[in-house]
Amino acid sequence: MKKSIIAGFAAILLLASCNKDKEILDTLNNYNNSMEAKGYHFGDKLQLPKEVTENAESVTISFGDKETTNLTIDPKFFTLGDNAVTFNIKTKGGEVLNQDATINVFAKNPEKNLAYEIIAEYPHDPKNFVQGFQIEGNTIYESDGQNGSSQILKYTLGTTTPLASTKQAQEDFSEGSTIVGDKVYQLTWQSKKGYVYDKNSLKLLSEFAYPNVFGEGWGLTYDGKSLIASDGSKLLYFLDVNDPSKLIKYIAVAGSSQAYDQLNELEYHKGFVYANVWQKPIILKINPETGEVVGTFDFTEIAKQNTKGSDDVLNGIAFKGDNMLVTGKNWSKIYEVVIK
């Protein structure tokens, strides 16, 4: 009889413990869900519910191979944009509870809506699936994608006849490109390598492998010191221009109320990186020191006139002086806009 009573008490205690653990995790989950859309800023402290803190001996947050007891949003630990983390709670009853969550970190200052006016239109070859796009003088350098027909080419603004071109291998899908001195650097999408060409003849000079952390090749630009590349994520990668296989650093990109990923074609101009977002008619103006989006251009009306399917989207940014040139995949026009 005594054993039955003891077993009964043990079962009740176990059930109470399980219920308490469930309450802790449910409360934490509700808190994390409510904060995911709202987001945090660097310096904010996570205000965990009392149901969690009063029943926890310790709380840690793990993120990749890092773990911290600091519940402040610290840039040494978190990045801008989405952070996939795990909360690890050691309860006062000795249980260890784990819960996955997403912590969104946003820029503190709202991005500006940047106005522009179209001042000129130029022809663009609608066969070109624009991946990389830049201008030097009056010459356009363009990376044209698609397996089996990828190439690097150049032509005079106002015409569509190539002055020079070099085709890639059948398996290559051309992506972002940029000019560095007397050379043109070009990425490929999934071949895990890039190419370097002579700027005048577009003759292939060399190739390079991607750093291990760099997934796919999307966009590419040059800030005068480093190559800056995108891989379709929220990250911008800074590569050694003398050895592009070497990663210098990377930054994450976010605005004041949303994270941005699928960063695609890139252009550097006067201290800022400009990036289009794949399949969206917007161009972001990004502070390359912090990753904060400081402004956005809305090219919806231009895109509507040129987009008929899912792939012929805005993708092409260059600067002609202080005016911006924009175009897109398989578009028949290049637009010159003055930024107001």
Side-chain angles (χ1 to χ4, degrees), residues 111-145 151-165 174-180 184 186 199 202 219-224 228 230 263-286 288 293-308 311-340:
E111 50 269 49
K112 296 179 180 178
N113 294 317
L114 301 173
Y116 62 89
E117 179 184 352
I118 299 171
I119 60 169
E121 297 180 7
Y122 307 94
H124 179 259
D125 191 336
K127 295 192 298 294
N128 290 358
F129 196 74
V130 183
Q131 298 291 115
F133 186 74
Q134 51 273 313
I135 188 170
E136 187 175 85
N138 208 36
T139 303
I140 296 285
Y141 292 79
E142 189 169 325
S143 181
D144 173 23
Q151 62 178 334
I152 188 81
L153 69 153
K154 68 177 186 177
Y155 54 90
T156 301
L157 180 65
T159 76
T160 59
T161 304
L163 300 170
S165 64
S174 293
E175 283 283 349
S177 59
T178 193
I179 298 169
V180 180
V184 178
Q186 181 193 41
K199 184 177 68 178
L202 294 186
L220 188 68
T221 190
Y222 178 59
D223 67 359
I228 305 174
S230 63
L263 302 176
N264 202 359
E265 218 270 314
L266 306 176
E267 185 72 18
Y268 181 86
H269 181 67
K270 291 191 172 179
F272 294 94
V273 172
Y274 294 79
N276 83 278
V277 180
W278 170 238
Q279 293 192 326
K280 291 186 178 181
I282 61 172
I283 290 176
L284 311 177
K285 183 179 181 181
I286 303 164
V293 177
V294 299
T296 59
F297 294 90
D298 184 347
F299 288 103
T300 298
E301 293 307 312
I302 290 177
K304 279 181 181 177
Q305 298 172 33
N306 295 276
T307 304
K308 300 177 179 65
D311 289 335
D312 52 348
V313 294
L314 176 74
N315 197 78
I317 312 165
F319 276 89
K320 182 174 177 278
D322 284 330
N323 292 346
M324 183 188 290
L325 297 180
V326 296
T327 189
K329 299 177 184 298
N330 303 127
W331 286 16
S332 61
K333 290 182 180 180
I334 296 169
Y335 299 86
E336 180 176 352
V337 304
V338 61
I339 301 170
K340 294 183 175 181

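Numbers here are sequence positions counted from 1. Just so it is clear, the structure is predicted and the values come from calculations on it, not from any experiment. Only this structure's heavy atoms are used, side chains among them; waters, hydrogens and symmetry mates stay out.
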Distance (rounded to the nearest 0.5 Å) between Asn276 CG and Asn264 CG: 5.0 Å
Check: Val130 main-chain N/O paired with Lys329 side-chain donor or acceptor under 3.5 Å: yes
Pair Asn330-His124, side-chain donor/acceptor within less than 3.5 Å: no
Aromatic Tyr141 / basic Lys154 pairing, under 6.0 angstrom, 45° off normal: no
Basic-acidic side-chain contact under 4.0 Å: Lys285, Glu111: no
Gap between atom CE of Met324 and atom CD1 of Ile119 - 0.5 Å precision: 12.0 Å
Under 3.5 Å: donor-acceptor pair, side chain of Thr307, backbone of Asp312: yes
Contacts of Asp125 that satisfy salt bridge (charged side-chain N to carboxylate O under 4.0 Å, His left out) - sequence neighbours left out: Lys127
Chi angles and distances behind the side chain to side chain donor-acceptor pair (under 3.5 Å) call for Gln131, Ser177: CA-CA 8 Å; Gln131 298 291 115; Ser177 59; over 6 Å; no
Atom of Asp322, atom of His269 and distance for their closest heavy-atom approach: OD1-NE2, 3.2 Å
Asp144 versus Phe129, closest heavy-atom pair with distance: OD1-N, 2.8 Å
CD-OG distance between Glu142 and Ser165, expressed to the nearest 0.5 angstrom: 11.5 Å
CG on Leu263 to CH2 on Trp278, rounded to 0.5 Å: 13.5 Å
Between Tyr274 and Phe319, ring centroids under 6.0 Å: yes
Distance (rounded to the nearest 0.5 Å) between Ile282 CD1 and Leu114 CG: 11.5 Å
Straight-line distance of Leu325 CG to Ile140 CD1, nearest 0.5 Å: 5.5 Å
